[in-house]
Undergrad: 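I have a structure here, written as structure tokens, and I will follow up with some questions on it.
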There are 2 protein chains.
Amino acid sequence: MFSKFLGLEPKRRNAILNAALREFASKGFDDASTNVIAKEAGISKPLMFHYINNKKDFFLFLYDYCLDILNREYFDQIDVREKDIFERLRQTCLLKIQVMQKYPWIFDFIKIAVLTDSDVIKDELKKRRKMVETSSFERFYGDIDTSYFRSELDIEKAKQLIFWAVSGYAGQIVDKLRSSDISELNFEKIRTEFDGYLNELRKTYYK
Amino acid sequence: MFSKFLGLEPKRRNAILNAALREFASKGFDDASTNVIAKEAGISKPLMFHYINNKKDFFLFLYDYCLDILNREYFDQIDVREKDIFERLRQTCLLKIQVMQKYPWIFDFIKIAVLTDSDVIKDELKKRRKMVETSSFERFYGDIDTSYFRSELDIEKAKQLIFWAVSGYAGQIVDKLRSSDISELNFEKIRTEFDGYLNELRKTYYK
DNA sequence: ACATTATTTACCTAATAGGTCAATAATAAT
DNA sequence: ATTATTATTGACCTATTAGGTAAATAATGT
């Protein structure tokens, strides 16, 4: 059905893709404008409609397509054998940044797709809803090794607090990713800064 | 200029106020709809325009008005003599929840007003911009007593991590505040849960 | 030179935007 | 009870934008 879109050269396909993800993610389905998407993708509206059929189908297609991308490039890449929470966080966060360099709005798009209550797409989404984690917390950090934790701690609370702390840092990075040009961001510097925070957390939570 | 609005009985005034804050905060100035605001406030559009003059002036009025509210009911209430970071966080967060029970969107509105780049209001906002903190971090947590911290810690990183962790918890509460009816929320339970997390943090970061 | 594909200009109808006018409903004053 | 006044709304204005398409043009391959 979306073979025309899929058959495009990657550069244009990704231009349309990212323009759409951004518009949908930041405005929601109903308020998103196909005019804006076309303009930001750098093509005319009729040409875009030549590729995408209509707004609704396009959104639903994007949902499936993005879940595939995320499964391939994110979820499947996570090494579940790593049981150290800080190593796991390091891995998942860096991976996430990597994915977001290619698709800056993909996570927000999925989040909005899951949480939306737009009448037009609600039912369709309900049908095809594979098990997508809303919190991303239990799925990722349910099976870590807690034996390193300082004994006087409440493990569940500690895990939650660590997760929130790291999310705070990640949120800051994401803001930077979006405001500055992605290419000119110093990835190496981010990594060492991030490791600094992770070490600090390790010092406080581990024996 | 907005004497008509200010002279309203508090119930209606707050209905319009909160409807407007919500619409502006969640859509931004340009995309916010006066139709939606009037409908959600429970009055007709002409009546609303009878009170508010026009969209632009209304937004700018709201900006000043909300800063006043925040100064009176939030910033001025913070006990700056309290130098313990966890006590300070406890205080500010509970205060914030209290303010948000009255005006659920006031913080988001100010944030959007500060960050917006709408051509219509940008210049006007620049003129009247009193020093509003963007990060809220330095202003609140610059002068706390760090002597309780475990000696091997990097103080600045630790403060930042604590702040992020607490923000994570606060964000969760705010989501609940918005989804459920505010009145039916168990404030007492939140307080004890919050204290639980603060204690956990104290255990990990203090000697 | 022709057939085909890629792309845009110009347009459609319906909805919504900010905003107002003139009429109605409610209240207060006589 | 009647009038004067205030509070409130239905109907409407013009401009813009929404999603979407038909037909013409530009580019490409044969």
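Remember, it's a predicted structure, so these values are computed and weren't measured experimentally.
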Undergrad: In terms of side-chain heavy atoms of A:Arg12, which of C:dG18, D:dT8, C:dT7 is nearest?
TA: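 Minimum distance to the A:Arg12 side chain belongs to C:dT7.
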Undergrad: Taking the side chain of A:Asn35 as heavy atoms from C-beta outward, which of D:dT8, D:dG19, C:dT7 is closest to it?
TA: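 That would be D:dG19.
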Undergrad: Could you give the CZ-to-C1' distance, from B:Phe59 to C:dG18, as a whole number of Å?
TA: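 After rounding, the reported distance stands at 16 Å.
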Undergrad: Could you tell me whether the side chains of B:Asn14 and B:Asn18 share a donor-acceptor contact shorter than 3.5 Å?
TA: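 Side chains of B:Asn14 and B:Asn18: no pair found under 3.5 Å.
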Undergrad: Picking from C:dG18, D:dT8, C:dT7, which would you name as closest to the side chain of B:Lys55?
TA: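 For B:Lys55, the side-chain atoms sit closest to C:dG18.
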Undergrad: How close or far is atom P of D:dG20 from atom CG of A:Leu47, stated in whole angstroms?
TA: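 About 16 Å, once rounded to whole Å.
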Undergrad: Counting the atoms with a prime plus P, OP1 and OP2 as sugar-phosphate, which does B:Ala32 contact under 4.0 Å by heavy atoms, base, sugar-phosphate, or nothing?
TA: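 Contact class for B:Ala32: sugar-phosphate only.
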Undergrad: Between B:Lys159 and B:Tyr205, is NZ or CZ placed under 6.0 angstrom from the six-membered ring centre and within 45° of the ring axis?
TA: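 So B:Lys159 doesn't make the cation-pi contact.
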Undergrad: Go through D:dT8, D:dG19, C:dT9 for me and flag the one nearest to the B:Ser44 side chain.
TA: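 The nucleotide sitting nearest to the side chain is D:dT8.
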Undergrad: Between D:dT8, D:dA18, C:dT8, which nucleotide gets closest to the side-chain atoms of B:Tyr51?
TA: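 Closest of the options to the side chain of B:Tyr51: D:dT8.
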Undergrad: Would you mind checking if A:Glu23 and A:Lys39 are paired as a salt bridge, meaning a charged N to carboxylate O distance below 4.0 Å?
TA: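 Salt bridge absent between A:Lys39 and A:Glu23.
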Undergrad: Measuring centre to centre across the rings, with the benzene-like ring taken for any Trp, is A:Phe5 within less than 6.0 Å of A:Tyr51?
TA: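 Judged by ring-centre distance (under 6.0 Å), A:Phe5 and A:Tyr51 do not meet the cut-off.
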Undergrad: For the side chain of A:Phe49, starting at C-beta, report the closest nucleotide among C:dT8, D:dG19, D:dT8.
TA: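 From the listed options, D:dG19 comes nearest.
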Undergrad: Starting at CG of B:Asp30 and ending at C1' of D:dA15, how long is that distance when rounded to a whole Å?
TA: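 Going from CG in B:Asp30 over to C1' in D:dA15 covers 16 Å.
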Undergrad: Once you round it to whole Å, what is the distance between C1' of C:dG19 and CD1 of B:Ile37?
TA: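 Roughly 14 Å, once rounded to whole Å.
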Undergrad: Let me spell it out: for each of A:Asn53 and A:Val36, pick the nucleotide of DNA chain D with the closest heavy atom. Which residue's pick is nearer the 5' end?
TA: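 So the residue in question is A:Val36.
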Undergrad: Taking CD1 from B:Ile52 and P from C:dT20, how many angstroms apart are they, rounded to a whole number?
TA: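 Checked: the CD1 to P distance equals 10 Å.
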Undergrad: From CG of A:Asp31 over to C1' of D:dG19, roughly how many Å is that when rounded to an integer?
TA: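 Roughly 14 Å, once rounded to whole Å.
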Undergrad: Of all the choices, C:dT8, D:dG20, D:dA11, which nucleotide is nearest to the side chain of A:Pro46 once you look at every atom?
TA: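 Of all the options, the side chain of A:Pro46 is nearest to C:dT8.
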Undergrad: Just the rounded figure in Å: distance from P of C:dG18 to CZ of B:Phe29.
TA: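 Going from CZ in B:Phe29 over to P in C:dG18 covers 8 Å.
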Undergrad: Please report, rounded to the nearest Å, how far the P atom of D:dA18 is from the NZ atom of A:Lys45.
TA: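 Value for this atom pair: 7 Å.
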Undergrad: If only atom types and distance count, is the side chain of A:Glu9 paired as donor or acceptor with the main-chain N or O of A:Lys11 below 3.5 Å?
TA: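 Not at all, since once roles are kept as given, no pair shorter than 3.5 Å links the two residues.
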